[in-house]
Amino acid sequence: MPRSRRPARRRTSGRGRTGDVAAERLRRETGTLARDVRAHVCLAYPSPYRVGMSSLGFQTIYRTLNEAGLWTHRAFLPDEWDKHALAWPRPPADIRTYEGRRPPADHRVLAVSVAYELEIAGLVRLLEGARIPVLARDRGEHDPVVVIGGPLTFSNPYPLLPFADVLVLGEAEHLVGDLVDDLLRAATRSAALAAAEGRPHMLLGELGAPFRGDLPDVGKAPRTWLPARSAIVTPDTELADMYLVEPERGCSRPCTFCVMRRSTNGGMRWFDAEEVLATIPEHARRVGLVGAAVTDHPQLEALVSGIVDSGRRIGISSLRADRLTPRLLSLLHRGGYRQITVASDGISERMRTMLDRRIREEHLRTAAERVAAAGFAGLKVYEMIGAPGETEEDVDELIEFARELASIVRLTLTFSTFVPKRNTPLDGAPFVGVETSAARLRRIREALSGQVTLRPQSPKWAHVEYLLARAGSEGGHAAVAAVHAGGGYRAWLKAFERVAEVGRPIRYGDEEAWARRKGLAALRVPDRIVRRREAGSNGPPRAS
Ligand code: SF4
């Protein structure tokens with residue numbers, strides 16, 4: 001197993017272009033906390049500022065720690081360290097915190113939030129750029145305690161184990177304050193790790209032999225800690241000048257590919273519209289409603305109208321096609337929306353049924369008609385290529401249906417390639433393959449050229465995501481090798497040549513009981529298709 005070398009500490013001024021950019025961004029922020037104090041905690045994000053500051057989870061932990069008096073500053077991957085394409089060795093400038101202009105290594109605790117598998121490459125670069133030994137086992141008494149959490153821990157936290165001194169699983173806002181407080185009180189690094197050991201929803205990372213034990217349960221924040229909301233509003237993010245608030249957490253639906261499905265952490269928890277509206281600060285001119293299933297909020301129209309009627313603009317992280325009423329669309333139009341985005345995911349009626357997506361052709365058609373009637377510039381639909389059982393006939397259906405939608409409204413289709421995730425019923429399903437996915441995308445592009453705008457994501461990076469999604473802690477070590485080999489697709493393939501898939505049982509929530517009662521959805525769904533076929537309504541599912 002590769003071991004990382006302790007990077008040599010180098011003196012750098014911390015000024016120059018990166019420092020200037022940070023100072024300028026700080027100047028444009030509203031709501032910055034702990035600006036003029038010396039912080040003992042560095043909260044870092046393994047992607048650039050514009051991505052990290054758009055993460056409500058990252059903003060929530062920043063606010064939570066500072067409100068508890070645990071002064072926390074922020075660090076990000078420099079803009080130019082693109083997560084896929086950075087040549088190795090990395091650029092010479094060190095990473096510094098935004099507020100304090102200090103190296104993250106000078107802090108007692110480094111907390112990192114990782115959203116999904118491909119950000120593990122950013123994590124490696126972040127630690128190297130922060131002059132902190134990448135692997136937990138190489139750290140010494142004077143290194144910060146590295147605490148890692150974030151959305152990836154709901155699915156497959158194993159590849160994070162080599163990097164974490166302490167890994168926090170699931171929701172963390174109610175856990176992180178006490179944890180950090182105890183870490184800061186400990187006299188030595190070993191005492192800090194001892195203080196973290198055995199806490200609920202946490203484990204020490206890979207210190208010694210590869211970790212193979214059972215994972216603790218994921219954390220679930222009590223309602224008193226919610227709704228999550230951002231501290232800082234800035235024009236320099238993907239969601240420019242937007243205050244973020246989470247009117248609901250989780251989802252009560254059963255989509256078989258989705259980590260946020262109903263069994264992961266107890267379904268949807270929602271908050272009264274008045275309670276959510278009361279959190280919006282006076283200075284916020286744009287409000288983003290963030291959550292897995294915001295349009296399932298039972299008071300959605302009251303919530304949206306409360307924001308729009310106050311003269312603010314609005315953004316919603318997820319819109320369901322079957323929840324787009326004319327009134328909601330009218331409110332969204334008044335709130336600044338120019339294009340409506342919904343998800344289909346399955347590329348045909350059969351695939352949506354296979355995935356338990358519960359969005360049907362008629363919902364998408366009606367959504368297109370209403371979007372056009374309400375005067376929006378267009379409709380964007382998320383599609384997912386390569387889910388289990390997808391065939392060329394499904395691609396034919398997508399093409400035909402896309403032409404129909406494009407005759408109603410200006411249409412954009414975005415495509416990802418399906419990656420089976422741990423802690424979902426489709427865990428263990430095959431990856432469709434880069435060639436197959438690319439060929440289907442090519443066919444769709446040729447068929448819809450000039451009629452539909454297409455935005456495909458790279459199947460190669462979906463493949464890398466797949467390799468990490470099914471890996472154990474060895475996947476983290478392979479990620480270090482891949483980044484050091486340049487971080488290109490071939491480097492990842494080579495690094496994973498010897499990494500075996502590590503199976504583990506479905507783990508979180510009541511998924512296991514659900515599977516016992518119903519049978520795994522991945523197995524159950526083909527039965528349903530077979531029944532439909534016997535009734536003469538559809539063709540057989542075929543492995544692609
Ligand atoms: S895809 Fe959306 S609707 Fe389906 S389970 Fe996930 S969050 Fe819920």
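Below, each value reflects all heavy atoms present in this structure, side chains not excepted, and no hydrogens, waters or symmetry copies. The shown structure was predicted, so the numbers you read here are calculated from the model rather than taken from an experiment. Start at 1 and go down the list; that is how both ligands and their atoms are numbered.
Counting only N and O atoms by type, the side chains of Ser344 and Arg352 include a donor and acceptor under 3.5 Å apart. Counted by atom type alone, Glu117 and Tyr466 present zero donor-acceptor pairs between their side chains at under 3.5 Å.
Summary of contacts: the protein heavy atom closest to atom 7 (S) of ligand 1 is Ala292 O, 3.5 Å. Of the protein's non-hydrogen atoms, Cys251 SG, 2.2 Å is the one closest to atom 8 (Fe) of ligand 1. The single protein non-hydrogen atom nearest to atom 6 (Fe) of ligand 1 is Cys258 SG, 2.3 Å, given as residue, atom name and distance.
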Could you go through Asp309 and Arg334, starting from their C-alpha distance and side-chain angles, then the distance that decides it, and tell me whether this counts as salt bridge (charged side-chain N to carboxylate O under 4.0 Å, His left out)? CA-CA 9 Å; Asp309 291 345; Arg334 276 177 51 215; 2.7 Å; yes
Evaluate Glu171 against Phe154 for side-chain contact (heavy atoms from CB on, under 4.5 Å), listing each step before the verdict. CA-CA 9 Å; Glu171 298 172 21; Phe154 278 106; 3.9 Å; yes
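Within the coordination shell of atom 6 (Fe) of ligand 1, defined by N, O or S atoms under 2.8 Å, Cys255 is absent.
Shown in contact with Arg261 at under 4.0 Å from a heavy atom are these atoms of ligand 1, numbered in order with element: 5 (S). Interface of Arg320 with ligand 1, defined as ligand atoms under 4.0 Å from a residue heavy atom, comprises 3 (S).
For the pair Arg262 and ligand 1, no heavy-atom separation below 4.0 Å is found.
Note that CD1 of Ile444 is 13.0 Å distant from OG of Ser449, once rounded to the nearest 0.5 Å.
Counting non-hydrogen atoms of neighbouring residues, nucleotides and ligands closer than 6.0 angstrom, the CD atom of Glu400 reaches no more than 12 such neighbours.
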